[in-house]
Amino acid sequence: MSRLEREFYSQDTIKVARQLLGKTLVRKIGKHTMSGIITETEAYRQADDPASHAYKDVTERNKAMFGQVGHAYVYFTYGMYYCVNVVAKSKRHKAGAVLIRSLKPHEGIDAMIKNRGTENITNLTNGPAKLTIALGITKIQYGEDLVNSKSLYIEDGIKHYQKIIASPRIGIKSAMDKLWNFKITI
DNA sequence: AATCGGATCGTCT
DNA sequence: GACGATCCGATTG
């Protein structure tokens, strides 16, 4: 398995969101390795995207989206959950990131079950906050460089799947015309 | 199977 | 001072 390099993330945000499907998100804590196949993503970017955290301008929260590609943008939401994005954008945009919304559990399923407190495998990592709980991702990983990190990165996964389904993004009220939610079924 | 409300607090207005 | 890029359990049909 080979890790995704910097240039992968320096393409257009929407393109990266599509290409991340089927890749493997890897999380290492101590001697434990947990991983899952990415099955759903969402693209968010600046300037033309009212639904994005980075729509208006840089703030303390969203500054990672304006930074170097390949780093993690972790945000806290609904008073209790974290969600993880990968910063990805071409030179045309000042900010952009891809939200990882769903994984198919792969390695370290026992550890993820322990973290989540549920036995149900299909319910383990099938949501943006569920997967951060399963993988132990919090604000501590804010800005982590997935190109160099030993504990959080993305590598090649499956090559073949049927097709990508594009839909409006989940949980937002604006920019419903942008079909920037992408998913695959494995 | 689908809908509804509660939990809970950092971030932005 | 209001509101989420959510999840879960309870209720209803």
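Hydrogens, waters and symmetry mates are skipped; everything else that's a heavy atom, side chains included, is used. Lettering of chains follows the sequences in order, A, B, ..., and the numbering in each one begins at 1. Everything numeric in this text was worked out from a predicted model, so none of it was measured.
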> A:L99 near the nucleic acid: base, sugar-phosphate alone, or nothing, with a heavy-atom cut-off under 4.0 Å?
Replying inline: base

> So which nucleotide from C:dA5, B:dT13, C:dC7 ends up closest to the side chain of A:N85?
Replying inline: C:dA5

> Watson-Crick or G-U wobble partner for C:dA5, using a 3.5 Å limit on both distances?
Replying inline: none

> When we call it a touch if two heavy atoms are under 4.0 Å apart, what does A:R169 touch: a base, just sugar-phosphate, or nothing?
Replying inline: nothing

>> Using the six-membered base ring of B:dA7, report whether A:Y78 stacks on it, requiring centroids under 5.5 Å and planes under 30° apart.
In response: no

> Roughly, in whole Å, what's the span from CD1 in A:I14 to P in C:dA5?
Replying inline: 18 Å

> Taking for each residue the nucleotide of DNA chain B with the nearest heavy atom, is it A:E60 or A:Y81 whose nucleotide lies nearer the 5' end?
Replying inline: A:Y81

All N/O donor-acceptor pairs, side-chain side in residues 175-186 of chain A, below 3.5 Å, sequence neighbours left out:
from: A:K178; atom 1: NZ; to: A:D48; atom 2: O; distance (Å): 3.3
from: A:N181; atom 1: ND2; to: A:E40; atom 2: OE2; distance (Å): 2.8
from: A:N181; atom 1: ND2; to: A:E42; atom 2: OE2; distance (Å): 2.8

> The side chain of A:M80 lies closest to which of these nucleotides: C:dA5, C:dC7, B:dT8?
Replying inline: B:dT8

>> Using whole Å, what does the distance between atom P of nucleotide C:dC3 and atom NE2 of A:H53 come to?
In response: 16 Å

> From C:dA5, C:dT6, C:dC8, pick the nucleotide closest to the side chain of A:I172?
Replying inline: C:dA5

> OP1 or OP2 of C:dA5 less than 4.0 angstrom from a side-chain nitrogen or oxygen of A:R45, does that happen here?
Replying inline: no

>> Nearest to the A:T59 side chain among C:dA5, B:dC12, C:dC8, which nucleotide is it?
In response: B:dC12

> Do A:D12 and A:R45 meet the salt-bridge criterion of a basic N to acidic O distance under 4.0 Å?
Replying inline: yes

>> Between A:Y73 and A:R116, which residue's closest nucleotide on DNA chain C lies nearer the 5′ terminus?
In response: A:Y73

> Should A:T77 be listed as having a side-chain N or O under 4.0 Å from OP1 or OP2 of C:dA5?
Replying inline: no

> Does a side-chain N or O from A:R101 land closer than 4.0 Å to OP1 or OP2 of C:dT6, or not?
Replying inline: yes

> Between B:dT8, C:dC7, C:dC8, which nucleotide has the shortest distance from any of its atoms to the side chain of A:P128?
Replying inline: C:dC7

> Does A:K173 have a side-chain nitrogen or oxygen under 4.0 Å from the phosphate oxygens OP1 or OP2 of C:dC3?
Replying inline: no

> Would you say A:L103 and A:I37 make side-chain contact, with heavy atoms under 4.5 Å?
Replying inline: no

> Using purine N1 to pyrimidine N3 plus N6-O4 or O6-N4 for Watson-Crick, or N1-O2 and O6-N3 for G-U wobble, both under 3.5 Å, which nucleotide pairs with B:dT8?
Replying inline: none

>> Taking the minimum atom-to-atom distance to the side chain of A:R61, which one of B:dT13, B:dT11, B:dA7 wins?
In response: B:dT11

> With no hydrogens and no angle check, is any side-chain donor or acceptor of A:S52 less than 3.5 Å from a backbone partner on A:D49?
Replying inline: no

>> Considering every strand and a 4.0 Å limit on heavy-atom distances, what is the contact class for A:F76: base, sugar-phosphate, or nothing?
In response: sugar-phosphate

>> Quick check: do A:R18 and A:V98 have side-chain heavy atoms less than 4.5 Å from each other?
In response: no

> Hey, is the side chain of A:K139 poking within less than 4.0 Å of OP1 or OP2 on B:dT11, counting only N and O atoms?
Replying inline: yes

>> Would you say the ring centers of A:H53 and A:Y75 fall short of 6.0 Å from each other?
In response: yes

